[in-house]
Asks: 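Mind looking over this structure? Questions follow.
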Number of protein chains: 2
Amino acid sequence: MKIGQATIKDIAIELNVSASTVSRALKNYPGISDETKRKVKEVAEKLHYRPNAIALSLRKSRSFTIGVIIPEVVHFFFSTVISGIEGVAFSRGYNVILTQTNEKLAREISSIETMLDNQIDGILVSFSKETTDFEHFSKLINQGYPIVFFDRVPEIPNAISVMVDDYKGAYTATNHLITQGFRNIVHLAGPKNLKISQERIRGYQDALIENGMKIDPDYIVECSIGTDSESQKITSKILKSLPVRPDAFFASNDMAAVGAMLACKAEGLRIPEEVGIVGFSNWQFCTMIDPSLSSVSQPGSKMGAKATDMLLDMIEKKLDPNTITGPVVLETELLIRKSSVRL
Amino acid sequence: MKIGQATIKDIAIELNVSASTVSRALKNYPGISDETKRKVKEVAEKLHYRPNAIALSLRKSRSFTIGVIIPEVVHFFFSTVISGIEGVAFSRGYNVILTQTNEKLAREISSIETMLDNQIDGILVSFSKETTDFEHFSKLINQGYPIVFFDRVPEIPNAISVMVDDYKGAYTATNHLITQGFRNIVHLAGPKNLKISQERIRGYQDALIENGMKIDPDYIVECSIGTDSESQKITSKILKSLPVRPDAFFASNDMAAVGAMLACKAEGLRIPEEVGIVGFSNWQFCTMIDPSLSSVSQPGSKMGAKATDMLLDMIEKKLDPNTITGPVVLETELLIRKSSVRL
DNA sequence: AACGAAACCGCAAACGATTGCATTGAAAAA
DNA sequence: TTTTTCAATGCAATCGTTTGCGGTTTCGTT
C-alpha cells in the first residue's frame, strides 16, 4: 500500500483498464458499461480513493477556493463576517484562504499576489486603512476577476460591494439621542478617509439639522485608532475643553463608546441621567457593561454570507457583474439599552 | 496578450529556448549561461511572470498551505489564536485555510478530508466539543502527517500539542480569591469532557485543599454552552439553592463570569464587597465592565504562533515529532482587577 | 456472410512546472 | 587533426486528472 492517497491510476491498474475509463466511470459518463462503473466504484471505495484537488485545479484552472482579505481578525465585527463567509463557502463546496493585512497596504498587495498565484477563484476584500489608491483592485476588476468588497468599499467603477447602511444607522442613533432630550451631542468619528466614517458623520449631521440643531465641527472628533483607551483620553479632554459640556456621545464604534463611558464615569457624570451614549457595531460586551450600551447593530454574519453568495455566483457565472448597479446595502438596527434612555 | 498569467512556456517561446532552460535560469541553476539567465529574467519581468503555485503543488506534493480547524471564529480567544497563526504562516511563506466546525464532529471530519484532498502540508486543530473519538486524528498522526493541536488537545499517543497551563491558572485564580477572604467559592466549569475544563477544575480543587478547605461537588457547576445568559440563569438559581450562599465565583470563561456578575447584581449583591468574581481568558471587555473583571489571561496569539512554528518545523523536517515528549505549555497570567479585590 | 452502427474503451495531449538524462557544440588537450 | 572535456541547452517523463478523437468489439440487420 502506497503512502498517501490512491490515485486514478491505482484503480486503473487494479482493474486493468485505462485511467480515462476510471475517470469517466467515476463521473458516470455515458459510454461506460454499468458493469465497469460498478467495479471501478467498488475499487475506488476499497482504496479510499479521493480525487486530488490540486490536479483538478491545474486542469480546470479552478481551485474551489476563495480568498478573504481583512484588516484584523481580532475584531468582533470582522470575526462575525468571517463566520458568515466560512458558512456559505463551506456549504457551497469552497475553501477559504484567510489573510489579515493589519491595516498595511503592502500586505494587502502581497496577499493578492499570492492568492492569484494559487488560482484562487475569487476574492473578498475589506481594505486597509492605509489604502487610498485602488489600482491593485481595479486592475483585477477590469480583467474580469471576481472580487466583492464588503464593509469598507472603494469608490471605483464596476466594483461589486456589500455594505451596511451606515448613514441611516448613524442618523437613527443620533435622532434617538435627540429624542431623549440630549442637546450637545459629540460624534466620535472613525478614520475620515474611510467611506463608512464619512457616512456615519453625514447621518449624524443630518439628524441634527432635521431637528433644527446646528452642526459644530468641534463636536466631531476623530478617533483614528479605535481603541477604548484612545477615546477615553480624547473624551476626558473634550469634557473640559469644549465651551458647552457635551451631554451625549455617539461613537462610530463600540470601543470608542466604552472609552467615552469610562471617561464620563471618571468625571463623576452619571449615565444616562447626565450623559447619553450610543455605540456602533453591537459588540458582545454591550449587554455586559453597566449601564448596558445602546448600539447600532451591523449584520456582520449576514454581510459575510451575502458577499460570499454574490462572489460565488459571479464565479459560477450565475451572476453578471454588469447587471449590478450599486452596492448592496444591508439594514442596521438600533438596539436601545440603558446608556441612552433617560425618559 | 493572453488572459491570465504568463507561463514559463511563454517566456520560452519569446526567447526561442526550452521550458527547462527558463525554469533553470529563473532558479539560478548552474549550467545556464549568465547571458541566458539575464535575458530570461528580463522577459519574465516584462511579462509579469509569476510561477503557478498549483502546478508546483502538484509536482512537489506540497502546497505551502496549512489548514486551521477551529470550533468558532466568533470567539475572542480563538480570534487571537488565528491572528497568531496567520502572522507566522505569512512570514514563513504559507497560506492559511480556515474552517470552523461550529462544535460539530461531522464538520470536523469533512474539513479534514477536503484539506487532505487539497494537499495541505499540515493541520492545526482545536477540536469540537462533540469530539470524543480521535480516530480521525490518530490515523493521520500514524501516517506521519503533520498535525499540531492547540488549546483543546487530545490524549492520544504521539500527538503534538500546545496548551496553556490551565491547572496553574485556575489554581492561582482560586488561591487569589481565598487570599481575599472569600470562603464559599463556586466554580462555573466548562464542558467536562474537555481536558481544559478538567484541568481548571483540578486547579480549583487543589487550591481549596491546600488552603485547608473542603471540596463540595455542589459548588462545581457545569456551564456547557458558555454564554453569559446561560451562566446568569445558573448563577441566580445557585444563589438561592445552595445551603450556604456562595461569596465568590471562579468561572472557566469570561462570558460565564459576566453572567454570574449580572446575576449577583440582580440579587442586589455588591461586587467585590459581598461577592468576588474571577474569569478566564481575559477578553477585551474585562476592563470595560464595572467593576472591571479579574481574569486569567491566555496568551492566544502566542499560542497560535508557537503551534504554527512547530507545525512548519515539522513540515520542513526541522523538527522530529519523536523528539517531543509532552505538550508545550504556555504560562497564564492572573490579571487582578476590581471584581475580586476587597482588601 | 457482410455491413453498419452502437457501445465501450484506450491513446495521448493538456494544465504548468521540475529534473534526470541525453545532446550539442566548441574549446582544450593530445 | 583527432580526441577529450565540459559548459550550455533540450528532451521527455512526471505529478493526477480530464477529454477529444479514434479504435475495437459486439450485435443486429439484411
Side-chain angles (χ1 to χ4, degrees), chain A residues 2-41 43-44 47-65 113-121, chain B residues 2-41 43-44 47-65 113-121:
Chain A
K2 280 182 16 191
I3 320 166
Q5 300 285 0
T7 72
I8 272 194
K9 218 173 286 180
D10 296 326
I11 303 177
I13 291 172
E14 174 123 359
L15 288 173
N16 253 319
V17 295
S18 74
S20 355
T21 303
V22 174
S23 173
R24 285 190 265 249
L26 289 171
K27 288 263 158 55
N28 275 325
Y29 270 48
I32 302 289
S33 73
D34 290 345
E35 174 65 7
T36 308
K37 284 183 188 171
R38 196 187 51 71
K39 279 197 283 191
V40 166
K41 287 175 185 169
V43 176
L47 300 180
H48 303 111
Y49 170 76
R50 307 212 83 222
N52 182 317
I54 296 290
L56 270 171
S57 296
L58 182 59
R59 188 82 228 283
K60 308 248 174 150
S61 300
R62 295 261 284 103
S63 61
F64 284 94
T65 301
E113 281 179 348
T114 46
M115 287 188 176
L116 292 181
D117 293 350
N118 282 75
Q119 305 271 42
I120 296 294
D121 296 339
Chain B
K2 277 178 28 186
I3 319 167
Q5 301 284 1
T7 72
I8 270 194
K9 217 173 288 179
D10 296 326
I11 303 178
I13 291 172
E14 175 122 359
L15 288 173
N16 253 322
V17 293
S18 74
S20 356
T21 303
V22 175
S23 172
R24 286 189 265 249
L26 288 172
K27 288 262 156 55
N28 275 324
Y29 269 49
I32 301 290
S33 72
D34 290 346
E35 174 64 6
T36 307
K37 284 184 188 170
R38 198 188 50 69
K39 279 197 282 190
V40 166
K41 287 175 184 168
V43 176
L47 300 181
H48 302 112
Y49 170 77
R50 306 211 84 220
N52 182 317
I54 295 288
L56 271 172
S57 296
L58 183 59
R59 187 80 227 282
K60 308 246 173 153
S61 300
R62 294 260 285 105
S63 60
F64 285 93
T65 301
E113 281 179 347
T114 46
M115 288 188 175
L116 292 181
D117 293 350
N118 281 76
Q119 306 270 44
I120 296 294
D121 295 339

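Protein chains get the first letters and strands the later ones, always in sequence-line order, with residue 1 at the start of each. Worth knowing before you read on, the calculation uses all heavy atoms, side chains too, and leaves out hydrogens, waters and symmetry mates. Because the structure is predicted, anything quoted here is derived from the model rather than measured.
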Asks: So, is A:Tyr49 near the phosphate of D:dT17, with a side-chain N or O under 4.0 Å from OP1 or OP2?
Replies: yes
Asks: Whole angstrom is fine here: how far is it from CG in B:Asp10 over to C1' in C:dG16?
Replies: 10 Å
Asks: In whole Å, I'd like the distance from the CG atom of A:Asn52 to the C1' atom of D:dG16.
Replies: 6 Å
Asks: For B:Leu56 and C:dC15, what is the distance between atoms CG and P respectively, to the nearest whole Å?
Replies: 16 Å
Asks: With side chains defined as the heavy atoms from C-beta onward, is the minimum distance between A:Thr114 and B:Phe64 less than 4.5 Å?
Replies: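 A:Thr114 does not reach B:Phe64 side chain to side chain.
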Asks: Under a 4.5 Å cut-off applied to non-hydrogen side-chain atoms, are B:Leu116 and A:Gln5 in contact?
Replies: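 Contact flag for B:Leu116/A:Gln5 side chains = yes.
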Asks: Could you tell me how far apart B:Arg59 (CZ) and C:dT18 (C1') are, to the nearest whole angstrom?
Replies: 4 Å
Asks: By nearest nucleotide on DNA chain D, pick out whichever of A:Lys60 and B:Leu58 is the more 5' one.
Replies: B:Leu58
Asks: Decide yes or no for B:Val43 and B:Tyr49: does some side-chain heavy atom of the first lie under 4.5 Å from some side-chain heavy atom of the second?
Replies: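 B:Val43 does not reach B:Tyr49 side chain to side chain.
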Asks: Would one find a side-chain N or O of B:Lys9 under 4.0 angstrom from OP1 or OP2 of C:dA17?
Replies: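 False: B:Lys9 side-chain N/O out of range (4.0 Å or more) of C:dA17 OP1/OP2.
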Asks: Can you confirm whether B:Thr36 sits close enough to B:Thr21 that some side-chain heavy atom of one is under 4.5 Å from a side-chain heavy atom of the other?
Replies: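 Touching, per the 4.5 Å side-chain cut-off.
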Asks: Taking CG from B:Leu26 and P from C:dG16, how many angstroms apart are they, rounded to a whole number?
Replies: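 For the pair B:Leu26 CG and C:dG16 P, the rounded distance is 16 Å.
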Asks: Look for any protein N or O under 3.5 Å of an N or O in nucleotides 7-10 of chain D and output each such pair with its distance, or none.
Replies:
{"unit_1": "D:dT9", "atom_1": "OP1", "unit_2": "B:Thr36", "atom_2": "OG1", "d": "2.7"}
{"unit_1": "D:dT9", "atom_1": "OP2", "unit_2": "B:Ser33", "atom_2": "N", "d": "2.9"}
{"unit_1": "D:dT9", "atom_1": "OP2", "unit_2": "B:Ser33", "atom_2": "OG", "d": "3.3"}
{"unit_1": "D:dT9", "atom_1": "OP2", "unit_2": "B:Thr36", "atom_2": "OG1", "d": "3.1"}
{"unit_1": "D:dG10", "atom_1": "OP1", "unit_2": "B:Ser18", "atom_2": "N", "d": "3.3"}
{"unit_1": "D:dG10", "atom_1": "OP2", "unit_2": "B:Ser18", "atom_2": "N", "d": "2.8"}
{"unit_1": "D:dG10", "atom_1": "OP2", "unit_2": "B:Ser18", "atom_2": "OG", "d": "2.9"}
{"unit_1": "D:dG10", "atom_1": "OP2", "unit_2": "B:Thr21", "atom_2": "OG1", "d": "2.3"}
{"unit_1": "D:dG10", "atom_1": "N7", "unit_2": "B:Arg24", "atom_2": "NH2", "d": "3.4"}
{"unit_1": "D:dG10", "atom_1": "O6", "unit_2": "B:Arg24", "atom_2": "NH2", "d": "2.6"}

Asks: Looking at A:Lys41, I'd like to know if its NZ atom is crowded, meaning that more than 12 non-hydrogen atoms belonging to other residues, nucleotides or ligands lie closer than 6.0 Å.
Replies: yes
Asks: To the nearest Å, how far apart are B:Arg50 CZ and C:dA17 C1'?
Replies: 15 Å
Asks: Grab the CD1-P distance between A:Ile13 and D:dG16 for me, whole Å please.
Replies: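 Between P of D:dG16 and CD1 of A:Ile13: 11 Å.
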Asks: Looking at A:Ile32 and A:Lys37, what are the two nearest heavy atoms and their distance?
Replies: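 Closest pair (atom of A:Ile32, atom of A:Lys37, distance): O-CE, 3.4 Å.
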Asks: Between the two ends of the helix from C:dA1-D:dT30 to C:dA30-D:dT1, what is the bend in degrees, rounded to 10 degrees, where each end axis spans five pairs?
Replies: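 Angle reported: 70°, given to the nearest ten degrees.
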Asks: Quick one: B:Ile8 CD1 to D:dC11 C1', roughly how many Å, whole number?
Replies: 15 Å
Asks: Going through the checks in order, is the side chain to side chain contact (heavy atoms under 4.5 Å, CB included) test met by B:Asn52 and B:Thr7?
Replies: CA-CA 8 Å; B:Asn52 182 317; B:Thr7 72; over 6 Å; no
Asks: Less than 4.5 Å apart, any side-chain heavy atom of A:Val22 and any of A:Glu14?
Replies: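 With C-beta onward as the side chain, the pair stays apart.
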Asks: Are the side chains of B:Ile11 and B:Val40 in touch, meaning some heavy atoms are under 4.5 Å apart?
Replies: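 Side-chain contact under 4.5 Å: yes.
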